[in-house]
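Below is one structure, written out as structure tokens; comments come after it.
Bear in mind that the values here come from a model prediction, so they are computed numbers and not experimental data. By convention in this document, chain letters (A, B, ...) are assigned in the order of the sequence lines, proteins followed by strands, and residues within each chain are numbered from 1.
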There are 2 protein chains.
Amino acid sequence: MYSIGELSRRTGVKVPTIRYYESIGLIASCGRSAGNQRRFDRQGIDRLAFIRHARALGFPLDAIRALLDLSDDPETPCAEADRIAAEQLADTRARIARLERLAAELERIATGCASDRAGGCNVLQALADHRHCAGPH
Amino acid sequence: MYSIGELSRRTGVKVPTIRYYESIGLIASCGRSAGNQRRFDRQGIDRLAFIRHARALGFPLDAIRALLDLSDDPETPCAEADRIAAEQLADTRARIARLERLAAELERIATGCASDRAGGCNVLQALADHRHCAGPH
DNA sequence: TATACGACCTCTAGTCACTATAGCTTCAAG
DNA sequence: CTTGAAGCTATAGTGACTAGAGGTCGTATA
């Protein structure tokens with residue numbers, strides 16, 4: 001049996017975050033001490049480690065909830081898990097693509113400002129007038 | 001003089017968003033009609049277009065506020081504007097780097113799941129056990 | 001001039017995934 | 001038995017909006 005602090009140390013998830021996960025029904029303590037403090041078991045650690053790992057990979061909590069449901073039953077078809085992961089990958093790639101467009105435009109804007117006064121500043125002029133941009137965003 | 005809807009149409013910023021920007025002091029209407037409806041002028045359009053453009057490039061509203069302050073006075077040194085833009089660029093690049101690490105790991109996890117049941121699912125096993133991962137995240 | 005209808009108004013609450021604070025109680029070591 | 005760390009609940013705040021309720025205004029037409 002582990003206290004919430006122990007669980008936190010073993011998984012790297014902060015104590016308030018663990019309580020938050022419990023409040024939204026993502027995890028459950030296996031009971032309480034006489035003085036109303038949460039107690040967790042080995043399963044609690046595994047489940048929280050799973051969540052942490054999935055969060056680190058960028059999965060939203062809703063997706064993690066679905067993945068946890070799937071892994072609770074080893075007989076479930078896992079096509080759904082594959083789909084969720086594929087979706088997350090596609091989402092991540094889309095974000096990268098968007099950010100790369102922004103970075104390119106920012107670089108064009110942010111480098112080589114001729115003026116040293118705001119009046120002629122590249123950055124400010126580019127932001128004020130969309131026509132200074134190369135691509136759409 | 002433009003109504004809020006007209007301003008919205010001319011800048012592509014949604015009406016509730018315009019009201020939100022006003023509520024946080026990012027823009028101001030130049031007055032109200034007899035019936036208490038907002039009225040904007042040409043300057044309002046320019047300022048909102050500036051904001052929209054900066055948001056499209058990923059600048060947070062706080063940075064945009066600072067950029068607007070700078071562009072309000074053409075005599076201000078523009079080193080600060082350059083700094084803000086450079087910071088935004090650095091931030092964007094950092095995000096890209098992180099997302100690329102995640103995408104690589106997701107791809108490794110999400111492709112080629114051998115099993116068709118959750119019990120042997122690649123995705124679920126990788127999430128359950130960090131040791132299945134190639135790199136840190 | 002009456003009326004219809006779209007556009008406008010304010011205010012509140014919800015989104016996501018936490019984080020912070022306040023004020024209190026419990027646990028474990030000495 | 002005392003002390004101090006760790007635990008508890010509840011509430012509010014973050015960023016940048018978005019959605020909804022319930023009411024008012026402006027203007028074109030009949």
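OP1 or OP2 of C/dC18 lies within a sub-4.0 Å distance of a side-chain N or O belonging to A/Y21. OP1 or OP2 of D/dT9 has at least one side-chain nitrogen or oxygen of A/R38 nearer than 4.0 Å. Within the 4.0 Å cut-off from OP1 or OP2 of D/dG7, at least one side-chain nitrogen or oxygen of A/S3 is found. Side-chain nitrogen and oxygen atoms of A/R32 include at least one within less than 4.0 Å of the OP1 or OP2 phosphate oxygen of D/dT9.
Rounded to whole Å, the distance from CD on B/E6 to P on D/dT27 is 12 Å. A straight line from CZ of B/F59 to P of D/dG15 spans 17 Å, rounded to a whole angstrom. Regarding B/F40, its CZ atom lies at a distance of 12 Å from the C1' atom of C/dC8, rounded to whole Å. Distance CZ (B/R9) to C1' (C/dG6): 11 Å, rounded to an integer number of Å. One atom, CD1 of B/I51, and another, P of D/dA16, lie 12 Å apart when rounded to the nearest Å. Across the protein-nucleic acid pair, B/E22 atom CD and C/dC8 atom P stand 14 Å apart, rounded to whole Å. If you take CE of B/M1 and C1' of C/dC8, they are 17 Å apart, rounded to a whole angstrom. Counting to the nearest Å, the P atom of C/dA17 and the CD1 atom of A/I27 are 15 Å from each other.
For A/R39, counting side-chain heavy atoms from C-beta on, the closest listed nucleotide (D/dC8, C/dA17, C/dC27) is C/dC27. Listed nucleotides C/dC8, D/dT18, C/dC27 differ in distance to B/Q37; the shortest reach to its side chain belongs to C/dC8. Among C/dC8, D/dG7, D/dA16, the nucleotide with an atom closest to any side-chain atom of B/I4 is C/dC8. In the set C/dA17, D/dG26, C/dC9, the nucleotide with an atom closest to the side chain of A/Y20 is C/dA17.
Residue order along DNA chain D, read from the 5' end via each residue's closest nucleotide, puts B/R55 first among B/N36 and B/R55. Map A/K14 and A/G35 each onto its nearest nucleotide of DNA chain C; the residue landing nearer the 5' end is A/K14. Along DNA chain C, the nucleotide nearest A/T17 and the nucleotide nearest A/S33 are compared for position; the residue whose nucleotide lies closer to the 5' end is A/T17.
The existence of a salt bridge linking B/D41 and B/R47 is excluded, since no basic side-chain nitrogen approaches an acidic carboxylate oxygen closer than 4.0 Å. Checked for salt-bridge contact, A/D69 and A/R65 miss the test: no charged N lies under 4.0 Å from a carboxylate O.
The residue B/R19 sits close to a base: some heavy atom pair falls under 4.0 Å.
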Open item on the list: Checking B/R19 against B/E22 for the salt bridge (Lys or Arg N to Asp or Glu O under 4.0 Å) test, could you report, in this order, the C-alpha distance in whole Å, the side-chain angles of both residues, the deciding distance, and whether it holds?
Closed with: CA-CA 5 Å; B/R19 283 198 276 254; B/E22 193 208 46; over 6 Å; no

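Atom CG of B/L102 sits about 8.0 Å away from atom CD of A/Q88, to the nearest 0.5 Å. Taking CG of B/L99 as the reference point, atom CZ of B/R101 lies at 9.0 Å (rounded to 0.5 Å).
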